[in-house]
Amino acid sequence: MKSFVKSYYHQILSLRVGMIFLLLNIGSVTTIQAQEKPNIIILFADDLGYGDLSCYGAQDVNTPNIDQLAKEGLRFTDFQVASSVCSPSRAALLTGRYPMRNGFPVAQGKIEKHKDYGLHPDEITIADVLLKEDYATLAIGKWHLGFNEGHQPIDHGFQHFYGLQSNWHTKHPDLDDVYFDRKPVKENVPFETLIGDYTNKAIEYMEENIENPFFLYLAYHSVHSPIQPSKEFIGTSKGSLYGDYVQELDYHVGRLTQALADKNLDENTIVIFLSDNGPALCHFGGSAGPLNGGKYTTMEGGFLIPAIIKWKGKFATGVNDTFLSSMDLFPTLTSLAGAEIPKDRVIDGKNITSILKTGKGTSPHEVVYYYNGTNLQAVRKGKWKLHLPRTSEDQPFWSKAENEKPFNGSNLKNIACRGLLVLGRPLLFNLDQDMGELTDVSKKHPEVVKELLKEAEKARKELGDVNSIGTDQRVPPFENIQEKI
Ligand SMILES: [Ca+2]
């Protein structure tokens, strides 16, 4: 019955123009607008690198389902997240604001010091906005934005939550428990069972909400550690266990996209697939493709991620090289749902609806900032990216490099996974010609260096830096936030 209703509904949608004309004439346009609100699914992979999918050039991994999504949608080659670690990247995606602005610049841990650390209650998330627009809202999977009162998914616009507080771990008794809303419903859950369980829940949810708009935020643990695919996937890729793990993620993305097609939801659902940060190269492998650095760094390998956006029949298709940000999703989805973008705060993301619809247009971002924790480490303006000097003390706990000599600008090929850590002088890269950040051109373009240093100063004033507080910075509620202990 439901599928009949849906298929009938889609026949109506296909006659949209005629219907709108007709309804305008009888004065009931509001009804049709309400029906046209698209379902929205964000599939958020964890630590998946720019070079980890076959549609992004991976040779030893086969990801046919994600590749198919890319063929049917827009595949972006210059799409950034706002942090190269999990929590701040998630906070920025959900709020459309830099982690320094929204108060979540450092990854949250299950430690005493972080007991009051979570996404601030005053922050507005995509879920908050969509809930007000009568969307059903559900978060599945890894939260990692604080799990104490006030910081849980259902405190941030999600009607329901099904998943883990943070990364799966057996070190702490709560971290391998699956929660429904605020309570644990399954304890000591084996890691390999989560991905299938989450996908099943997501498909059930689509079925339950087939007749009203829904927002599904599905944050898979794959391919974050533990690199532990299910048995059926071990040995399936030409690569390592990591490749098998990527292929398992692809399989479950395929289950979801197939379920959407089977339920005739394709034409009324926006599917967004992206990763939260680059690969943890030094620890677990993965690939950042042609990029330098990975997770924990402010090089492109940490910030540029695979990103695909599809809305069948509504958005353009093909490969798109416009420079965009995960923060753009907040204002874009707000606008597509017919809601107002909040005016009482700065939203760093831009509404990219027209780029999505036409596949054309220039980047809406004049300048972007790269923070590592609370340390401003780089600024990008157009094709230019300037890395700023920094010491080991400036860095957050995950990228301290004590006793490391300042990098002098040579042998950039050799820095690989660790990125640029301690830096004695600014380094300039032309990303149009050198997206791998291999050739420092600061001496050739002193005027560009000067201009970008000014932009860095503006960022420091507004968003702060490791030793200063910005005019529009939400400061987390504890001392020495970059230290774990
Ligand atoms: Ca991550």
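In listed order, ligands and their atoms are each counted from 1.
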Show me the donor-acceptor pairs, under 3.5 Å and distance only, between side chains in residues 222-233 and residues at least two apart or in other chains.
residue	atom	partner	partner atom	Å
Q228	NE2	E192	OE1	2.8
S230	OG	E192	O	3.4
S230	OG	E248	OE2	2.3

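A salt bridge (Lys or Arg N to Asp or Glu O under 4.0 Å) check over residues 44-61, counting only residues at least two apart or in different chains, returns the pairs D46-R90, D46-K142, D47-K295. Listed by first then second residue, pairs satisfying salt bridge (Lys or Arg N to Asp or Glu O under 4.0 Å) with a partner in residues 61-76 read E72-K310, not counting sequence neighbours.
Side-chain N/O atoms of T125 and D128 include a donor and acceptor closer than 3.5 Å.
Around the Ca ion (ligand 1), protein N, O or S atoms at less than 3.0 Å comprise D46 OD1, D47 OD1, C86 SG, D276 OD1, D276 OD2, N277 OD1.
By the 4.0 Å N-to-carboxylate-O rule, K400 lies too far from E393 to be salt-bridged with it. Using a 4.0 Å cut-off between charged nitrogen and carboxylate oxygen, R101 and D472 count as a salt-bridge pair.
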